[in-house]
Participant: 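Below are the structure tokens for one structure; questions will follow.
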Amino acid sequence: MRIGIVGTGIVGRTLGTRLAKLGHDVRMGSRTTGGEKARTWVKQTGGKSSEGTLADATAHAEIVFNCTPGNVSIEALSAAGAKNLEGKTLIDVSNPIDFSKGMPPTLSVCNTDSLGEQIQRAFPTAHVVKSLNTVTAAVMADPSIIPGVHDMFVSGNDAKAKGQVVDLLKTGFGWKEVIDLGDITAARAQEMLLPLWLRLYTKFQTPNVNVHVAR
Ligand SMILES: NC(=O)c1ccc[n+]([C@@H]2O[C@H](COP(=O)([O-])OP(=O)(O)OC[C@H]3O[C@@H](n4cnc5c(N)ncnc54)[C@H](OP(=O)(O)O)[C@@H]3O)[C@@H](O)[C@H]2O)c1
């Protein structure tokens, strides 16, 4: 598949590397074409991927990953071009984390709305699927880093897009337990897991932590 990654941070590069290894045609988009992070990443994938502007990445793609900080995701995706997202699956891994009041961070949106919903409203013709935001970057792409059974969540309004993401998570990244929480309003619950994740990270002094829903 042709996959576009919006954002050159640790999440974008980790997912991009894994997707390129799986044989997908991955293009990473940045505000600065030819920037060091994106160029180094292309080299690390053995030149099998490419980099460009935010719009280059989304125009190229059948599936797009939003890997930008939550407070600028809508701005970044707007720069990537609403037209380039039309009818496409947009996997939103971002979190609405607000560090402005110090540590621990708070959520800039919660309870009655979510970043996933805000992105879906801003890009109504895209098929937003919220997922992967509840684990650290390395675990997103390789859940076997954490031993035992642990879960990934998905939510979104479009059943076909969600199915595509579940397939990628399971057959591509190796997730064994993927729980479909329903429509995009479930992104509230996925994003509100962040305070728990941050506590677990502090308690166990490792980012390699996740939850499993016993039932
Ligand atoms: N880090 C994790 O392990 C983790 C885990 C779960 C979820 N998340 C979420 O995943 C998202 C990405 O995380 P990250 O740690 O990779 O983020 P990051 O390093 O803070 O930022 C990712 C990239 O976003 C781009 N960016 C920054 N400001 C922008 C703007 N105003 N407009 C357009 N692009 C902008 C930058 O790329 P350019 O400078 O190249 O444009 C930057 O490299 C965040 O929402 C985070 O909360 C992260």
Side-chain angles (χ1 to χ4, degrees), residues 4-19 26-42 49-58 64-82 84-85 90-100 103-110 114-119 122-123 128-143 145-146 150-155 169 173 175 187 189-202 204 206-211:
I5 307 258
V6 176
T8 60
I10 186 66
V11 173
R13 285 179 282 126
T14 303
L15 290 175
T17 300
R18 179 76 165 139
L19 290 161
V26 188
R27 183 170 297 170
M28 186 173 284
S30 168
R31 291 168 296 175
T32 326
T33 318
E36 200 194 324
K37 275 192 288 184
R39 271 193 299 116
T40 306
W41 171 79
V42 170
S49 50
S50 55
E51 56 97 13
T53 63
L54 297 169
D56 287 337
T58 49
V64 175
F65 282 80
N66 171 38
C67 304
T68 59
N71 61 331
V72 296
S73 286
I74 289 181
E75 183 188 326
L77 291 168
S78 300
N84 293 334
L85 299 172
L90 171 58
I91 306 175
D92 176 34
V93 314
S94 67
N95 279 308
I97 296 182
D98 179 4
F99 290 96
S100 67
M103 293 296 282
T106 54
L107 297 174
S108 58
V109 56
C110 62
S114 63
L115 186 56
E117 289 165 271
Q118 289 179 344
I119 292 173
F123 305 96
V128 178
V129 178
K130 187 93 200 179
S131 195
L132 294 171
N133 66 305
T134 50
V135 292
T136 196
V139 174
M140 292 180 190
D142 182 6
I145 289 174
I146 300 177
H150 54 103
D151 304 342
M152 180 43 60
F153 303 103
V154 292
S155 65
L169 291 173
F173 295 166
W175 280 94
Q190 289 163 279
E191 294 170 9
M192 286 193 286
L193 265 180
L194 254 290
L196 173 65
W197 186 90
L198 284 166
R199 282 284 170 173
L200 294 171
Y201 169 60
T202 310
F204 295 112
T206 170
N208 296 335
V209 288
N210 192 19
V211 296

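Heads up: numbering here begins at 1 and tracks the sequence. When a ligand or atom number is given, it counts from 1 through the structure's own listing order.
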Participant: Can an N or O of Ile97 be found at a distance shorter than 3.5 Å from an N or O of ligand 1?
Facilitator: no

Participant: Would you say ligand 1 has an N or O under 3.5 Å from any N or O of Ala137?
Facilitator: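 Looking only at distances, the answer is yes, because the N/O contact criterion of under 3.5 Å is met.
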
Participant: Which heavy atom of the protein is the closest neighbour of atom 22 (C) of ligand 1, given with residue, atom name and distance?
Facilitator: Cys67 O, 3.4 Å

Participant: At less than 4.0 angstrom from any non-hydrogen atom of Ser30, what atoms of ligand 1 do you find?
Facilitator: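 It comes down to these atoms of ligand 1: 38 (P), 40 (O), 41 (O).
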
Participant: Within a distance under 4.0 Å of any heavy atom of Gly70, pick out the atoms of ligand 1 and give their elements.
Facilitator: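 Result: 45 (O).
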
Participant: Relative to the heavy atoms of Val72, which atoms of ligand 1 are at a distance of less than 4.0 Å?
Facilitator: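 Under 4.0 Å from Val72, ligand 1 has these atoms: 28 (N), 29 (C), 30 (C), 31 (N).
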
Participant: Applying ring pair (Phe, Tyr, Trp, His ring centres under 6.0 Å), name anything that partners Phe99, two or more places apart in sequence or on another chain.
Facilitator: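 If we apply the ring pair (Phe, Tyr, Trp, His ring centres under 6.0 Å) test to Phe99, skipping adjacent residues, there are no hits.
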
Participant: Which is closest to atom 38 (P) of ligand 1 in terms of heavy atoms, Ile10, Thr8, Val6?
Facilitator: Thr8

Participant: If you measure from each heavy atom of Pro69 to ligand 1, is any distance below 4.0 Å?
Facilitator: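 Yes, Pro69 has a heavy atom closer than 4.0 Å to ligand 1.
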
Participant: When rounded to the nearest 0.5 angstrom, what distance separates CG in Leu194 from CG in Leu198?
Facilitator: 5.5 Å

Participant: What protein heavy atom lies closest to atom 36 (C) of ligand 1? Include the residue and the distance to one decimal.
Facilitator: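 Checking every protein heavy atom, the shortest distance to atom 36 (C) of ligand 1 gives Arg31 NH2, 3.7 Å.
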
Participant: From the options Val93, Val11, Val135, select the one whose nearest heavy atom is closest to atom 6 (C) of ligand 1.
Facilitator: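 Of the listed residues, Val135 has the closest heavy atom.
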
Participant: With a 4.0 Å cut-off on heavy atoms, does Thr136 reach ligand 1?
Facilitator: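 Judged by the 4.0 Å heavy-atom criterion, Thr136 does count as contacting ligand 1.
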
Participant: Between ligand 1 and Lys37, can you find any atom pair, the residue atom being a heavy atom, that is separated by under 4.0 Å?
Facilitator: yes

Participant: Quick test: of every protein heavy atom, which one is nearest to atom 19 (O) of ligand 1, and how far off is it to 0.1 Å?
Facilitator: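 Protein heavy atom with the smallest distance to atom 19 (O) of ligand 1: Gly9 CA, 3.4 Å.
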
Participant: Using modelled atom types only, decide if a donor and an acceptor are shared between the side chain of Glu117 and the backbone of Ser114 within a distance under 3.5 Å.
Facilitator: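 Yes, because the side chain of Glu117 sits within donor-acceptor range (under 3.5 Å) of the backbone of Ser114.
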
Participant: Could you pull out all residues at least two apart from Glu191 that satisfy salt bridge (Lys or Arg N to Asp or Glu O under 4.0 Å)?
Facilitator: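 With neighbours one apart ignored, the set is Lys130.
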
Participant: Taking only heavy atoms of Ala76 into account, list the atoms of ligand 1 that are under 4.0 Å away from them.
Facilitator: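 Near Ala76, meaning under 4.0 Å from one of its heavy atoms, ligand 1 has 32 (N), 33 (C), 34 (N).
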
Participant: Could you check whether any side-chain N or O of Thr136 sits under 3.5 Å from a backbone N or O of Ala138, counting only pairs where one atom can act as donor and the other as acceptor?
Facilitator: no

Participant: Which atoms of ligand 1 sit under 4.0 Å from any heavy atom of Met140?
Facilitator: 5 (C), 6 (C), 7 (C)

Participant: I'd like to know if the side chain of Asn84 and the backbone of Ala80 have a donor-acceptor N/O pair within less than 3.5 Å.
Facilitator: yes

Participant: Going by heavy atoms in the side chains, are Trp197 and Val209 under 4.5 Å from each other?
Facilitator: yes

Participant: Please examine the side chains of Val72 and Glu75, heavy atoms only from C-beta on, and report whether any two atoms are closer than 4.5 Å.
Facilitator: yes

Participant: Students should be able to answer this: which protein heavy-atom is nearest to atom 45 (O) of ligand 1, and at what distance?
Facilitator: Thr68 O, 2.7 Å

Participant: Can you pull out the closest protein heavy atom to atom 46 (C) of ligand 1? Residue, atom name and distance to 0.1 Å, please.
Facilitator: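 Sorting protein heavy atoms by distance from atom 46 (C) of ligand 1 puts Asn95 N, 4.1 Å first.
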
Participant: The test is side chain to side chain donor-acceptor pair (under 3.5 Å); show your working for Thr53 and Thr33 and say whether it passes.
Facilitator: CA-CA 5 Å; Thr53 63; Thr33 318; 5.4 Å; no

Participant: What distance separates Met140 CE from Thr134 OG1, expressed to the nearest 0.5 Å?
Facilitator: 8.0 Å

Participant: Donor-acceptor check, side chain of Gln190 to backbone of Asn133, threshold 3.5 angstrom: yes or no?
Facilitator: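 The answer is no, because no donor-acceptor pair under 3.5 Å joins these two groups.
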
